[in-house]
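In what follows, chains carry the letters A, B, and so on, assigned in the order in which the sequence lines appear, proteins first and then strands, with residues in each chain numbered from 1. This is a predicted model, so every value here is computed, not measured.
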2 protein chains.
Amino acid sequence: MPQHAINPNVSVDCVIFSFNNQELEVLLIERSAGNTDKVDEIKALPGNLIYEDETLDCAAERVLTELTGLENIFLEQVYTFGDPDRISKKHDQDWLRSIRAHPEARVITVAYTSLINKERFNLTPSSFARNAVWVKVKDVPQLGFDHNDILEKALDHLKQKIYIKPLGYELLPDRFTLAQLQKLYEAILDDKFDKRNFRRKILRTYFIVPLNEKQQGVAHKPAGLYRFDKSLFHQM
Amino acid sequence: MPQHAINPNVSVDCVIFSFNNQELEVLLIERSAGNTDKVDEIKALPGNLIYEDETLDCAAERVLTELTGLENIFLEQVYTFGDPDRISKKHDQDWLRSIRAHPEARVITVAYTSLINKERFNLTPSSFARNAVWVKVKDVPQLGFDHNDILEKALDHLKQKIYIKPLGYELLPDRFTLAQLQKLYEAILDDKFDKRNFRRKILRTYFIVPLNEKQQGVAHKPAGLYRFDKSLFHQM
DNA sequence: TCAAAAGTGTTCAAAATACACCCATGT
DNA sequence: ACATGGGTGTATTTTGAACACTTTTGA
């Protein structure tokens, strides 16, 4: 078997979320067609076939890096999609023919997800990603393949998780205000909370710790800044 | 493409749980080697390669039926396992060579799970399942492939789910006592609960409804029987 | 009459919810 | 001075946890 032989039947797709202080966003690529200058105006999640000799987790990390430049992202598996017709829409087939050796092969795909703070990373799209863009989750257009379903599933997964582990610090700056954190929760859960109750609940955890610093240059009472204390968190 | 062509790279495995009024059990098969009379004493989860033209969900249902005779089981996807070495242990390879066209092919597997009341189903093992047996989860031996990992993940999944939706009525007779239900919860969550608090919490849901019947022939005060009211449940 | 499991209430602590006003800053 | 979002406390309800005795039946 040649090194880095491709498995034609299994792919991974990555659903990377970020937060712009108001809304959840997801990372999409604009597909360009292989070596030709053909361009495909349909957006998609970053994803591609796996290699024969890598784990699924590694494949997801590699594919994400190849397409978007994001490195060392902790990805978590969400769900596997295997409808036999999931890549057979005409438009998708046209595009696959331009980049794949076996565009008609049955492909099942394993979806992965992660949360990142987009300010901390540069996007350097390459391979068949002509571009990589952050799109508000609420504005996501019709995507290629079954990627709208995949996004939906990743969102459900995210909502579940935030109840169990208080996530989301990955999405915020190192130092953040409680209002920012609250907006993040509201964006993920698509809900509204009472400010006082939210603050009380967060501070009761003791791993969101106040810094002795305040916002500067805002035209209102400056908010106190907090940070997430990883070691305190892991103690519990 | 021939009808029912096999996809050599993707399989499904089924983790079917039942309950014997004391403990959780899981359904395992004893593998027999293809057309030969060779026998493999290692147990495994029921699973096999998928067909090119079926969904993953359908494949799981079909494979389960082929191997164990269980029909119309509602299966739910759990997780996908894709370590490149997951089927390459010598013993597993020996066995695969006796039943597969490409025993060395990379296979990723999608795990499915379900809960059933074993009293309601007959096991009629066939294909390469020489036998199908219920084994107490706590007594599960070393299984073939990575099936111990898969079982572990399915158990985690089950624990998560029972917090969200009160499951488990599938595992009990139509008419059951609250003590049986409590034992079931204790088995799944590997915990103990206070009887009074448990009963209160269950009855507060209103979809576990009392029948005007009691146990008969028990050498103690007979327990009242209850049933799960599906339509009341779905109203909430 | 005994053994075995069923059934039942109360108290306390913790957590969730609802709700309204003053404060610090920049413009 | 005013507009903006920051910050705070209390009362009520709901939920979860701990805990012990009496009842009914068959053997």
* To do: Please tell me which of the listed nucleotides, D:dA18, C:dA6, C:dT17, lies nearest to the side chain of B:Arg200?
  => D:dA18
* To do: Using only heavy-atom distances, determine whether the side chains of B:Thr55 and A:Asp83 contain a donor-acceptor pair under 3.5 Å.
  => no
Contacts under 3.5 Å, N or O only, protein and nucleotides 21-24 of chain D:
from	atom 1	to	atom 2	distance (Å)
D:dT24	O2	B:Lys221	N	2.6

* Structure fact -> side chain to side chain donor-acceptor pair (under 3.5 Å) pairs touching residues 15-27 of chain A, sequence neighbours excluded, are A:Asn20-A:Glu25, A:Asn21-A:Gln180, A:Glu25-A:Lys118
* Could you state the atom-to-atom distance from CZ of B:Arg199 to P of D:dA17 in whole Å? => 18 Å
* Asked: What pairs meet the salt bridge (charged side-chain N to carboxylate O under 4.0 Å, His left out) rule with one or both residues in residues 146-156 of chain B, with sequence neighbours excluded?
  -> B:Arg86-B:Asp146
* Could you tell me whether B:Lys138 and B:Asp190 have a side-chain N and a carboxylate O separated by less than 4.0 Å? => yes
* Test: B:Arg31 and B:Asp92 ion pair at under 4.0 Å -> yes
* With sequence neighbours excluded, tell me which residues meet side-chain contact (heavy atoms from CB on, under 4.5 Å) with B:Ser126. => none
* To do: Check whether NZ of the Lys or CZ of the Arg B:Arg200 lies under 6.0 Å from the centre of the six-membered ring of B:Phe193 and within 45 degrees of that ring's axis.
  => no
* Structure fact -> Contact check, residues 204-219 of chain A vs DNA chain C, heavy-atom distance under 4.0 Å, returns A:Arg204, A:Val218, A:Ala219
* **A:Tyr185-A:Phe198 aromatic ring centre distance below 6.0 Å** => yes
* Exceeds 12 heavy-atom contacts within 6.0 angstrom, atom NZ of A:Lys159 -> yes
* Structure fact -> As a check of understanding: the bend across the helix from C:dT1-D:dA27 to C:dT27-D:dA1, end axes from five pairs, rounded to 10 degrees, works out to 0°
* Go through the N and O atoms of the side chain of B:Arg196 and the base of D:dA20, and report whether any donor-acceptor pair is under 3.5 Å. => yes
